[in-house]
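Below is one structure, written out as structure tokens, with a few remarks after it.
So that the names make sense, note that chain A is the first sequence line, chain B the second, and so on, each numbered from 1.
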Amino acid sequence: MSQPVFRTRDLTKVYVTGAIEVHALRGVDFEADAGEFVVLLGPSGSGKSTFLNIIGGLDRATSGEAWFTDHELSRFNDRELTLYRRDHVGFVFQFYNLVPSLTARENVALVTEIARNPMRPEEALAIVGLQDRMDHFPAQLSGGEQQRVAIARAIAKRPQVLLCDEPTGALDSKTGVLVLEALTQVNEQLGATTLIITHNVAIQDIAHRVVHFGNGRIVSSNIVAERKPASAISW
Amino acid sequence: MSALHVKLLRDLVRLWPQALAIAFVLAAGAATLILGIGAYQSLSETRAAYYERNRFADVFADLTRAPRIVEDEIARIPGVSSVETRIAKIALLDLPAVAEPASAMFVSIPELHEQKLNLLYMRSGRLPLPGDENEVVVSEPFAKANHFSIGSTFEAILNGRKRTLRIAGTALSPEFIYSLGPYGLIPDDRRYGIVWMREKALAAAYDLTGAFSSVTVKLTRGASEAEAIERLDGILARYGGLGAHGRRDQTSHAFLDAELQQLKAMSRILPPVFLLVAAFLVNMTLSRLILLEREQIGLLKALGYSGLAVGWHYLEFALAIACVGTAIGIGAGTWLGFGMTKLYATFYHFPFLVFRTDPAIYVIAAGVTLAAAAAGAVRAVRDVVALPPAVAMSPPAPAVYRRLLPEAFYAFIAIPQSLVMVTRHLMRWPIRTVSSILGIALAVSVLVGSLWAFGSTEFMIDVTYNRAERQNATISFVRERSMPAFYDALSLPGVLTAEPYRSVPVRIHHGPVERRIAISGKPANADLSRVLGAELKPVRMPETGIALSDALAKILKAQVGDMVEVEILERDRRRAVLPVTGIIEGYLGLNAYMSLPALNRLMREGAVISGVNLLYDTARQGDLFKRLKATPVANFIALQRTTLQNFRDTLQENLLVMITVYVSLGVIIAFGVVYNFARISLSEQGRELASLRVLGFHKSEVSAILLSELAVLTIAAQPLGWAIGHLFAWAMVQGFNSELYRVPLVVERSVYAWASLIVFAAALVSALIVRRRIDRLDLIEVLKTRE
């Protein structure tokens, strides 16, 4: 069996503000294989976002190990983390984080310009079904469309991992399903290991595996027996 | 304190770097205003007080010789309140410690009674004892420059005879505040001084016992100066009067006037620039603050605060900054103004200093500073007042961006998206972008508009001393002499070549305008002391007619071909009409030139000269000076190279201070504009920039986006800044020009380069300060919040 894409051992994160210590992660052991589609569930403050930020190279663990393939992320300096994000990670966020002064195509191009082996922006936008809206500015697109632009931007670099933090959090059910469809499709077509954070339980049915977070720890990790297509769910 | 005031205070503390940057620009406006007006008022009031206390005369006249009795006749001229007759002569000095020949203006003081006019302000010692032939009082700067003390002696050639004089005291006089010798650029206290002697002694030396050669007159308030001058000229015509003149033509007074005029010109240009920039900075910062606080504004209104109350809250924000700016400006302006006035007092040798702290200046400075801030705030505040609470509480409509160029263009040329971001962001707020460019341009222009003067002065020196007056000495004879005197000069040790000249005082008229000037007669083929025509090329002296300097021609409104009338102020005082045959370029004084033979024909005299211009071998100047110091025929010897050196030294002393002041002013503007723009731009784009970091952009790549914006602004501002700076320089030239000298408008390329370099440096520093904030952007926070 090939080595896991992500592997963490006893990962902890403590935020210190003044005299107060907040334990966001209290020893997380986790593995994800190539091409795996994992949904991370848990209430607010359970540590799932902190976990995603650490394995996404946006934050550092207080202790423990976090590995991306055979690289130990915890040993990376700031510059190496930036390169890691640039070359390997695709991010999708709740609030899209598009550049308002750039069109859909240009927002994608922003990433393809700096990536090592990107697809063409048009190609990435076609994958998410936005080939007809490429020259619109974010303000001219609906929330779902904006999120799909963000997905196109995330996949255009052909990332090994796709990390999504509440990608449907700001969307209604119908639009959210369109976004999830795009994500499953990308996972299948590109084989990118996909981790989705949500507190929307309905989404767990589209994953290979569901990981529950609670109080800074992984509470359970279950293989989804009967995986559904995104179009089959709603909330 | 009300809740809104607490909010105001916290806003100011939170935004302190931006607020302080704006306050500094406002402070610069207030300070330059106080400095300019304050120094102007101090200087002019010090002068006025000095004139008043020491009874500075109103009308002055020199003549050959008139009996004492004439004084009564002068006193009877209507409007004359007092008359003082005296003897005034320039004579050569032989100063033991000075290698070069020196000169002094010898002025008599009444033998027994007190001086009536131009009272001496004794600085040390006492007046010469009546009847003492060798005691003198000397001007204090002259004594200081030569390290003389009471009891020191020096030699002078009075009317051809060498005399040893002993210093009894030192003094200052309102008549010689600016004691400039003949042909001088600035006072040379080492080589030119004022010497006061008792009348009897000086009269004996010049065979003027019972007579006088100079008269000064004080007029009653409201008396007509022109009338008094005319009457005085009428009386003195019989006695070789050289033409009476008012204070306007009195050297010391005129130079002070020119200085005052310069101060006025400066104080009219600089403060408005700062206030304009500050107003726009206030507008920019407040608009952004209001946009960010939209919801709070809605909330306040929903809670029942009136539109005006909320608007006033934001206006107070601007006014609070203005108060800080005013306080700094008043402090700095007073301090600098006091320093500058003191500098003036030392340079001009005032015995005392009236530093005016006219409360009106401060009220005006505070008023205009507050007004500028309020003007900047008014638009933003109006928006606050007009904003309905319901609209305010919902987020603002997203910014609408437009493509600037057709789509095909983007496909055709691969422009990095980061650059597209930069241009679209700049174009999204065109007014802000344009006013920032204008702000930076004004920083450049303040520098161009001040630094040009140094190069321009060098140009003036080059024209005057390298192209026109190429001699290194000018001997001025006590009285006109015939040509053998020229050959005597030619045979002086070390003299390589020499040229004679003649100088005749005249009053020149054209239409209703008249001026008192000297006509210089030069040989037609003059090669040392040349006259320059168009494009500053030397021209041959026209054989007939009169050539006018450009400045004089303008004043007289005379052109080549016009006839001007000259009234000779010597001998038979004839009037003659002469054709203008040339216009001459030059920057110093009002001049007219004729060929030497033509001038002598006009005077109905043979080959007569007033002096000689020399070019000597500097290796032999020791011998030459020794001979010149003892020459009985001369009363003044100008040394052009020494004068120039002296001028340069003085300039050098002030250069560093002046450059520091101007560069600080330019930097304050550049920093204020760039820093505020950068902070606002960062506040608008912080979220995007943090997102880019998340997407894998390096810190340097992300800061490059913001820094490129600043670079675009700064670069775009340069040509505009140069153009406005040139305009400032032009305006200053108009303000500086006087009948004593004109300043050529020469802005060297290096001035533009330096101005740009300084502004770029200031922009870079402010950009780097903001860059630290970009480096510290919180990557996680930005993902969690909706804009």
Side-chain angles (χ1 to χ4, degrees), chain A residues 15 49-50 52-54 56-59 78-79 81-103 105-116 121-122 134-141 143 146 150 153-154 156-157 159 163 165-166 169-170, chain B residues 395-411 414-429 681 684-705 709 775-787:
Chain A
Y15 291 107
S49 286
T50 305
L52 198 77
N53 289 339
I54 292 172
L58 290 173
D59 204 352
D78 208 51
R79 187 179 166 73
L81 282 178
T82 303
L83 285 173
Y84 162 64
R85 295 197 299 270
R86 174 186 287 216
D87 296 332
H88 304 291
V89 187
F91 281 108
V92 178
F93 307 106
Q94 181 177 4
F95 300 115
Y96 334 129
N97 291 67
L98 298 177
V99 175
S101 60
L102 298 180
T103 61
R105 189 207 310 259
E106 289 161 348
N107 261 288
V108 180
L110 197 59
V111 167
T112 59
E113 278 172 6
I114 59 166
R116 270 201 250 164
E122 294 78 7
M134 287 194 294
D135 292 320
H136 289 65
F137 284 97
Q140 298 165 322
L141 296 170
Q146 289 188 51
R153 184 177 66 182
K157 67 171 78 156
L163 304 179
D165 194 346
E166 299 279 10
Chain B
V400 177
Y401 287 91
R402 283 177 305 110
R403 286 162 166 273
L404 308 171
L405 297 163
E407 198 175 319
F409 181 81
Y410 291 96
I415 309 170
Q417 297 310 322
S418 48
L419 207 64
V420 176
M421 277 176 78
V422 169
T423 48
R424 290 209 185 128
H425 188 246
L426 287 175
M427 297 302 282
R428 171 68 185 80
W429 281 274
S681 189
E684 283 167 355
Q685 301 184 97
R687 191 182 147 80
E688 292 159 48
L689 297 181
S691 301
L692 294 186
R693 287 278 290 125
V694 170
L695 294 177
F697 278 68
H698 289 295
K699 282 177 182 170
S700 55
E701 288 166 330
V702 170
S703 24
I705 293 176
E709 259 189 29
D775 288 349
R776 291 203 306 254
L777 282 174
D778 189 335
L779 304 192
I780 295 163
E781 189 57 35
V782 64
L783 306 177
K784 286 287 165 201
T785 49
R786 182 190 283 278
E787 190 181 20

Under 3.5 Å, sequence neighbours excluded: what are the donor-acceptor pairs made by side chains of residues 697-705 of chain B?
unit_1	atom_1	unit_2	atom_2	d
B:Lys699	NZ	A:Asp78	OD2	3.2
B:Glu701	OE1	A:Arg86	NH2	2.2
B:Glu701	OE1	B:His698	N	2.7
B:Glu701	OE2	A:Arg86	NH2	2.7
B:Ser703	OG	B:Lys699	O	2.6

Given a strict heavy-atom distance threshold of 4.5 Å, which part of [X] is in contact with chain B: side chain, backbone, both, or neither?
X	value
A:Arg79	both
A:Ile114	side chain
A:Ser49	side chain

Could you tell me which non-hydrogen atom of A:Phe137 sits nearest to which non-hydrogen atom of B:Arg424, and how far apart they are?
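Distance-wise, the nearest heavy atoms are CE2-NH1, 3.4 Å.
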
Give a yes or no on whether the backbone of B:Arg693 and the side-chain of A:Arg85 come within a donor-acceptor separation of less than 3.5 Å.
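Answer holds: yes.
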
Would you mind listing every salt bridge (Lys or Arg N to Asp or Glu O under 4.0 Å) that reaches into residues 87-100 of chain A, with sequence neighbours excluded?
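Passing the test, one end in residues 87-100 of chain A: A:Asp87-A:Arg116.
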
Is any side-chain heavy atom of A:Asp59 closer than 4.5 Å to one of B:Ile780?
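Yes; the side chains approach each other to less than 4.5 Å.
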
If you define the side chain from C-beta out and look only at heavy atoms, does anything of A:Val99 sit under 4.5 Å from B:Leu692?
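Yes, at least one pair of side-chain atoms sits under 4.5 Å.
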
Quick one: [atom1] on [X] to [atom2] on [Y], what's the gap to the nearest 0.5 Å?
X	Y	atom1	atom2	value
B:Gln417	A:Asn107	CD	CG	8.5 Å
B:Glu688	A:Leu110	CD	CG	10.0 Å
B:Tyr401	A:Thr103	OH	OG1	13.0 Å

Please classify the contact of B:Leu779 with chain A as side chain, backbone, both or neither, using a heavy-atom distance under 4.5 Å.
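Side chain only.
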
